Chemist: 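Sending over a structure as structure tokens; questions will come in a sec.
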Amino acid sequence: MKYRHSAAALAATAVVFASAGSAVAATPSPTPSVAIPDGLYGTTDPTYDGVWRQSLALLAQDTTGVTPADSAVAWLAGQQCANGAFAAFRADTGKPCAADLMVDTNSTAAAVQALAALGNHDAGVKKAVTWLKSVQNADGGWGYTPGGATDANSTSVVAGALAQAGVTVPDLRKGGKSPYDALQKLALPCTGTDAGAFAYQPDKKGKLAANADATAAAVLGLLDEPLTGSRQDDDASATGCATFDAGTEPEKGGHNGAVWLAEALAENGRLMSSLPGAEDQPDYGNTADAIVALSSAGLNDRAAAPLRWLEANSKEWAAQSGPAAYAQLIFVANAAKGADVHDFGGQDLVELLNATGPAPRSIDEPTRATTAVRDAVDKAREKDDDGGLNVAYTVAGGLVVGALVGFVLVARGRKRRQA
């Protein structure tokens, strides 16, 4: 079996409102309870999502050839506690982390993904990985807080972080159980309603209920993908639901979840959600995450319709939600076929994200041509004959083979490594 480790998930339900994954954009706080620190992206109160949104912003910049400002990276690195963990936000980093400070796996894992992708933070990443390993549950998974009940979202974002840091995830076991075993226990069986979907957690009676947010997270977790996901070749075999063994074929579980997501998206062309007392409404953040999951599983055609919907309808949501939302859309544009980070529904997502924080150190302008190159390579691969490369030359305007190969390495997962 091939384990996919990327160098380039999702927050637990307990903090979904603080990430960009909520059904509707939260109204920005007019008077944040804390001062907005220098280097932090966004202008809303960071108390519940500072590390999360900063990590996503830095990941998104890294995937688009943007070198973040030193102050932005330093702010994130400075949030780490001496034991390696991260809290959602620390206003005063000049003092050691208090014993009663609530650190969490999601903030820590997101920070690991960002700092590992950026490089030059080996010591901090190593400390965070050591802490994450120390709070792994006996079933192989993780809860939002240390010792909390395992959930699909936390387990998946931690698995993605560990893979990015060079850990061979299936070999990381607690009580003989790996993270994949924990996710398998949250998978609905291939018989009955919602076959292949994943639950966030079992209910009080131990029953599993399909959850789109948890399923999108589990797909990435079982495919060893970070929050960014990655565009994969079309997988025509990913149909229906197949029983899988977490120890030998976790990718089958990921594809089960992707197929279920595709069916859920097909009903309305996007995912829907409802708040208490409100009618069902589009869920922009979870739709974005689902598209990334589909593309990472090779279900590119099934992602096309929701991608078009998101391009046409996400502008207001992203503007209100801020940097984490722009980052999610960038992940979509990088993973999905036919999408462009510089022309996503008429918006340049890179410029919009950059404008929410300190000016980047540098911007790799050639990234504006990468979508055409990537699509050319995809078409060439699909041709699968001697004329395929000629198609790539035509579409990409005669770019040299070296540029094509270089971009393929980026598009298929930057700095992938096998531990």
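We number each residue from 1, following the sequence as shown. Bear in mind that the values here come from a model prediction, so they are computed numbers and not experimental data.
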Chemist: Check whether any side-chain N or O of Arg53 sits under 3.5 Å from a backbone N or O of Leu40 as a donor-acceptor pair, and report yes or no.
Modeler: no

Chemist: Could you report the tightest heavy-atom contact between Val219 and Ala297, atom names first, then the distance?
Modeler: CG1-CB, 4.5 Å

Chemist: Under 4.5 Å between any side-chain heavy atoms of Pro282 and Trp309, yes or no?
Modeler: yes

Chemist: Taking atom types as modelled and ignoring hydrogens, do the side chains of Asn153 and Ser156 form a donor-acceptor contact shorter than 3.5 angstrom?
Modeler: no

Chemist: side-chain contact (heavy atoms from CB on, under 4.5 Å), that's the test. Do Ile291 and Leu294 meet it? Break it down for me.
Modeler: CA-CA 5 Å; Ile291 294 171; Leu294 290 180; 5.5 Å; no

Chemist: Identify the heavy atoms of Leu349 and Ala333 that sit nearest to each other, and give their distance.
Modeler: CD1-CB, 4.4 Å

Chemist: Taking Gln61 for its side chain and Leu353 for its backbone only, find out whether a donor-acceptor pair lies under 3.5 Å.
Modeler: no

Chemist: Quick one: are the ring centres of Phe89 and Trp52 less than 6.0 Å apart?
Modeler: no

Chemist: Could you tell me if the side chain of Leu299 sits less than 4.5 Å from the side chain of Val259, heavy atoms only?
Modeler: yes

Chemist: Can you check whether Val51 reaches Leu76 side chain to side chain, under 4.5 Å on heavy atoms?
Modeler: yes

Chemist: If you measure only the distance, is there a donor-acceptor pair under 3.5 Å linking the side chains of Asp38 and Trp75?
Modeler: no

Chemist: Counting distance only, does the side-chain N/O of Ser134 pair as donor-acceptor with the main-chain N or O of Trp131 below 3.5 Å?
Modeler: yes

Chemist: Would you mind reporting whether Asp213 and Tyr200 have side-chain heavy atoms less than 4.5 Å apart?
Modeler: no

Chemist: Assess whether atom CZ of Arg173 is packed by more than 12 heavy atoms of other residues, nucleotides or ligands within 6.0 Å.
Modeler: yes

Chemist: Are the side chains of Cys81 and Lys127 in touch, meaning some heavy atoms are under 4.5 Å apart?
Modeler: no

Chemist: Any side-chain donor paired with an acceptor under 3.5 Å for Gln113 and Ser55?
Modeler: no

Chemist: Please indicate whether Asp171 has more than 12 foreign heavy atoms, meaning atoms of other residues, nucleotides or ligands, lying under 6.0 Å from its CG.
Modeler: yes

Chemist: Can you tell me if Tyr326 and Asn354 form a side-chain donor-acceptor pair at under 3.5 Å?
Modeler: no

Chemist: Can you give me the closest heavy-atom contact between Leu58 and Val73, atom names plus distance?
Modeler: CD1-CA, 4.2 Å

Chemist: Hey, mind stepping through Ser314 and Leu329 against side-chain contact (heavy atoms from CB on, under 4.5 Å) and telling me if it holds?
Modeler: CA-CA 9 Å; Ser314 62; Leu329 295 180; 3.7 Å; yes

Chemist: Is any side-chain heavy atom of Gln79 less than 4.5 Å from a side-chain heavy atom of Thr93?
Modeler: yes

Chemist: List the atom of Arg270, the atom of Asn268, and the distance in Å for their closest heavy-atom pair.
Modeler: NH1-O, 2.8 Å

Chemist: Assess the residue pair Asn334 and Thr228 against the criterion (side-chain contact (heavy atoms from CB on, under 4.5 Å)); give the C-alpha distance rounded to whole Å, side-chain angles, the decisive distance to 0.1 Å, and a yes or no.
Modeler: CA-CA 8 Å; Asn334 277 327; Thr228 60; over 6 Å; no

Chemist: Indicate yes or no: at least one non-hydrogen side-chain atom of Leu118 is less than 4.5 angstrom from one of Pro68.
Modeler: yes

Chemist: Under the 3.5 angstrom rule, does the side chain of Gln54 hit a backbone N or O of Tyr41 as a donor-acceptor pair?
Modeler: yes

Chemist: Tell me if a side-chain donor or acceptor on Asn211 pairs with a main-chain N or O of Ala199 at a distance below 3.5 Å.
Modeler: no

Chemist: Could you report the tightest heavy-atom contact between Ala336 and Arg231, atom names first, then the distance?
Modeler: O-NH2, 2.7 Å

Chemist: Under 3.5 Å, is there a donor-acceptor pair between the side chain of Ser178 and the main chain of Gly140?
Modeler: no

Chemist: If you look at every heavy atom in Lys174 and Gln136, which pair is closest and at what distance?
Modeler: NZ-O, 2.8 Å

Chemist: For the backbone of Val103 and the side chain of Ser107, can you confirm whether one donor and one acceptor N or O come within less than 3.5 Å of each other?
Modeler: no

Chemist: Under 3.5 Å, is there a donor-acceptor pair between the side chain of Glu225 and the main chain of Ser296?
Modeler: no

Chemist: Any chance you could lay out the side-chain contact (heavy atoms from CB on, under 4.5 Å) test for Asp283 and Trp317, step after step, and finish with the verdict?
Modeler: CA-CA 10 Å; Asp283 192 323; Trp317 166 75; over 6 Å; no

Chemist: Is any side-chain heavy atom of Leu307 less than 4.5 Å from a side-chain heavy atom of Phe344?
Modeler: yes

Chemist: Can a donor-acceptor pair be found, under 3.5 Å and without considering hydrogens, that links the side chain of Thr105 to the backbone of Tyr144?
Modeler: yes

